[in-house]
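As structure tokens, the structure follows; a few thoughts come after it.
Every chain is numbered from 1 and lettered A, B, ... according to where its sequence line falls, protein lines coming before strand lines.
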Amino acid sequence: MNLELSEQEQIRRNSLTELNALGINPYPAESFPVNVTAQAILTDYNSENHHAFQDVTIAGRIMTRRIMGAASFVDLQDSTGRIQLYIKRDEICEGEDKTLYNTAFKRLMDIGDIIGVSGYVFITQMGEISIHVKSLKLLSKSLRVLPVVKEKDEQVFDAFSDPEVRYRQRYVDLIVNPEVREVFVKRTRLVNTMRNFLSSKGYLEVETPILQPLYGGAAARPFKTHHNSLDMTLYMRIANELYLKRLIVGGYDGVFEFSKDFRNEGMDRFHNPEFTQMELYVAYKDYEWMMDAVEEMVERIAIDLHGTTKVQVGDNEIDFKRPWKRFTMFEAVQHFTGVDISEMTEDELRATCKKFNIETNESMGKGKLIDELFGETAEAKLIQPTFITDYPVEMSPLAKKHRSKPGLVERFEAICNGKELCNAFSELNDPIDQRARFEEQLELGKRGDDESMVLDEDFLRSLEYGMPPTAGLGIGIDRLTMIMTNQQSIQDVLFFPQMRPEKASVVTGATDEEFVALGIPSEWVPVLRKAGIKLPSDLAESNPNKLLHELSGLRKKLKLEIPSLRLEEVSAWCGK
RNA sequence: CUCUCGGUAGCUCAGCUGGUAGAGCAAUUGACUCUUAAUCAAUGGGUCACAGGUUCGAAUCCUGUCCGGGAGACCA
């Protein structure tokens, strides 16, 4: 017997033994073929077609029970929803033996247990579509107590809401909070829509290395790991851009990848150390084309998920209907501040930053300063989807120089709800220029920017063979999901967000062996701990009379089947 | 890393200026054959996150630690 268990867990374990004793296997091996779902019954059943629901079999989890003597109502939850069961004693126990109802169902089954039932569908006097149960089978006994969430008239009572437990025990969250399950269904639909969209255009979905000898394609600190046989450092990818471009060099016209990327940076409600991006590269296209493609794709996702281009996100209604607003970066800054920074020198930019209380440091070049200005003055104010185009060349080492605007590159980001949604450019395919850009990055690195990009010789070699003009895109799946499902935190769109490890249950005090060495029978050791005795010194300080009383009390209370104690024994433990 | 709020029963939460812990749901026992936040009666259930300190006495005050939320910093 485990004294660490709560009273209710103890009771459920006892029920398990009793079920076994009754010949009811709490974990049967054979399959249980269902022929209907809760959702199907609730939507399809009506007075005309009730004959089609005379013999339904369904399985799910008991979520609430209302027992009224010889009849009971149970809310059964399957993957599609909840359906009420009407269970009558004399229906599920036809003969004299009422054990299955009186003992097994009423006493030994609990909220959280998974059962399978057969019966017919009917409508109760209160007008609720329900299943009149003819037979019932336990499919899995639940040993832990589920949080019970009650609901009436759309109002939820005692919602299971502690974020820590919800994220650590997502399975519980999913069981009791159906809207959470729905968010993740939407996430998958979003990905499917995107995949279908890209596949139908003939682009090839590919996989590229996650473990990379050099990390590239973005500016971020990587996770570092080590390969034993090769005895070399490997990095978890921060992006897959450089590999996908190698595939464009190889002759594919369009490639894309849904990729888990890893960045060793701070965590907040928009950042998780591992996250998902979709990167797309299409040959013979430019960033103008890519803007149209993004609009089309995201608009389609909104329609697939919501049936409309309008999506409620927090207090804002966001409309993804094409075409989206387009601003150059300079126009955006001017629009929100009235200041034209397009012709400014580095010193002027630094002064402008100061004017807007934006911190700067020596490692920031002209491009970084412009980006800061944009980020601080404009980005958060862009709620409706907006393309920001034409970024400074200094901070876009993989983008092609603008066809007509010196100092800028052909790059855009889509901003939505004040946050970056995607990043794209006309890809730089001039190998000489690319090498020069990498070298500039190395210079920035020397100035103290610890996220500047590293030079990838093999990638440069591939460009030297010749890469067609290409448009490339990276789109954050987590953030897009947050917007499309109206979630405030990235943790709410990841099944298992990163967390610090749970505190291991602290085993303070002496080990079992130490207590046994003092002559204490091993079966009494847990009881002793329960009584608050954690160390041999606790024994020495306690009153044997009082301790005996307490231990005997616990023995009785916990119904322990171990030999009782005499005062002399307890005194001996205490050294008295 | 900084600031801030929090951690009390399985869940949601009370617990004031220190006096050894309370409610609802859940559980147990009983009643109840159309209930639905079922109802009625009785009962049990706690390492008050952890470790120190102050005190005659700490869930409560102080210090430190752990875990989490929020806001920053960082991260385009």
With sugar-phosphate meaning primed atoms plus P, OP1 and OP2, does [X] contact a base, only sugar-phosphate, or nothing at under 4.0 Å between heavy atoms?
{"X": "D75(A)", "answer": "nothing"}
{"X": "R89(A)", "answer": "nothing"}
{"X": "R269(A)", "answer": "sugar-phosphate"}
{"X": "F122(A)", "answer": "base"}
{"X": "R411(A)", "answer": "base"}
{"X": "S396(A)", "answer": "nothing"}
{"X": "L146(A)", "answer": "nothing"}
{"X": "G375(A)", "answer": "nothing"}
{"X": "Q84(A)", "answer": "base"}
{"X": "Q8(A)", "answer": "base"}
{"X": "E372(A)", "answer": "nothing"}

Taking the inter-plane angle between the rings of H132(A) and Y120(A) on a 0 to 90° scale, is it parallel (under 30°), tilted (30 to 60°) or perpendicular (over 60°)?
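Judged by the thresholds at 30° and 60°, the geometry between H132(A) and Y120(A) is parallel.
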Parallel, tilted or perpendicular, judged at 30° and 60°: which one describes the rings of H50(A) and Y45(A)?
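The arrangement is perpendicular - the two ring planes meet at more than 60°.
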F73(A)-A38(B) aromatic stacking (under 5.5 Å, under 30°):
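Not stacked: fails the 5.5 Å / 30° test.
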Is [N] paired to anything, Watson-Crick or G-U wobble with both distances less than 3.5 Å, and if yes, which nucleotide?
{"N": "C1(B)", "result": "G72(B)"}
{"N": "A51(B)", "result": "U63(B)"}
{"N": "G44(B)", "result": "none"}
{"N": "A58(B)", "result": "none"}
{"N": "G24(B)", "result": "C11(B)"}

I want to know whether Y287(A) and F425(A) have ring centres closer than 6.0 Å.
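Centroid separation for Y287(A) and F425(A): 6.0 Å or greater.
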Think [X] has a side-chain N or O under 4.0 angstrom from the OP1 or OP2 of [N]?
{"X": "R168(A)", "N": "C67(B)", "result": "no"}
{"X": "Q491(A)", "N": "G69(B)", "result": "yes"}
{"X": "R65(A)", "N": "U35(B)", "result": "no"}
{"X": "K152(A)", "N": "A37(B)", "result": "yes"}
{"X": "R66(A)", "N": "U35(B)", "result": "no"}
{"X": "K150(A)", "N": "A26(B)", "result": "yes"}
{"X": "R12(A)", "N": "A27(B)", "result": "no"}
{"X": "R500(A)", "N": "C66(B)", "result": "no"}

In whole Å, what is the span from the [atom1] atom of [X] to the [atom2] atom of [N]?
{"X": "E18(A)", "N": "U29(B)", "atom1": "CD", "atom2": "P", "result": "9 Å"}
{"X": "R144(A)", "N": "A9(B)", "atom1": "CZ", "atom2": "P", "result": "15 Å"}
{"X": "D158(A)", "N": "U12(B)", "atom1": "CG", "atom2": "P", "result": "9 Å"}
{"X": "Q125(A)", "N": "U33(B)", "atom1": "CD", "atom2": "C1'", "result": "11 Å"}
{"X": "H132(A)", "N": "U33(B)", "atom1": "NE2", "atom2": "C1'", "result": "10 Å"}
{"X": "M63(A)", "N": "G10(B)", "atom1": "CE", "atom2": "C1'", "result": "14 Å"}
{"X": "M499(A)", "N": "G68(B)", "atom1": "CE", "atom2": "P", "result": "6 Å"}
{"X": "D162(A)", "N": "C11(B)", "atom1": "CG", "atom2": "P", "result": "8 Å"}

Taking the minimum atom-to-atom distance to the side chain of [X], which one of [options] wins?
{"X": "V145(A)", "options": "C67(B), G10(B), G69(B)", "result": "G10(B)"}
{"X": "S489(A)", "options": "G10(B), G70(B), A27(B)", "result": "G70(B)"}
{"X": "I11(A)", "options": "U28(B), A76(B), G69(B)", "result": "U28(B)"}
{"X": "I111(A)", "options": "U35(B), A26(B), G45(B)", "result": "A26(B)"}

Using the closest heavy atom to pick a nucleotide of RNA chain B for each, name whichever of F160(A) or V148(A) lands nearer the 5' end.
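In this pair, the answer is F160(A).
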When P163(A) and T124(A) are each assigned the nearest nucleotide of RNA chain B, the 5'-most assignment goes to T124(A)
Write down the distance separating the [atom1] atoms in [N] and [M], rounded off to the nearest Å.
{"N": "C25(B)", "M": "G19(B)", "atom1": "P", "value": "28 Å"}
{"N": "G24(B)", "M": "G15(B)", "atom1": "C1'", "value": "15 Å"}
{"N": "A41(B)", "M": "U4(B)", "atom1": "C1'", "value": "47 Å"}
{"N": "A49(B)", "M": "U60(B)", "atom1": "P", "value": "8 Å"}
{"N": "C3(B)", "M": "U65(B)", "atom1": "P", "value": "11 Å"}
{"N": "A58(B)", "M": "C40(B)", "atom1": "P", "value": "40 Å"}
{"N": "C62(B)", "M": "G22(B)", "atom1": "C1'", "value": "27 Å"}
{"N": "U2(B)", "M": "A76(B)", "atom1": "P", "value": "22 Å"}

With the threshold set at 4.0 Å, does a side-chain nitrogen-carboxylate oxygen contact exist between E274(A) and K260(A)?
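Counted as a salt bridge, because a side-chain N and a carboxylate O are separated by less than 4.0 Å.
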For residues L146(A) and R61(A), determine if any side-chain heavy atom of one lies less than 4.5 Å from a side-chain heavy atom of the other.
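Yes. Closest side-chain heavy atoms under 4.5 Å.
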Heavy-atom check, side chain of F105(A) versus side chain of L136(A), under 4.5 Å
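Touching, per the 4.5 Å side-chain cut-off.
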Is it true that the side chains of S15(A) and R13(A) contain a donor and an acceptor less than 3.5 Å apart?
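R13(A) and S15(A) do not have a side-chain donor-acceptor pair below 3.5 Å.
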Among side-chain atoms of Q498(A) and N272(A), is any donor-acceptor pair under 3.5 angstrom?
no
Measure from NZ or CZ of K106(A) to the centre of the six-membered ring of Y101(A), then state whether that distance is under 6.0 Å and the direction lies within 45° of the axis.
no
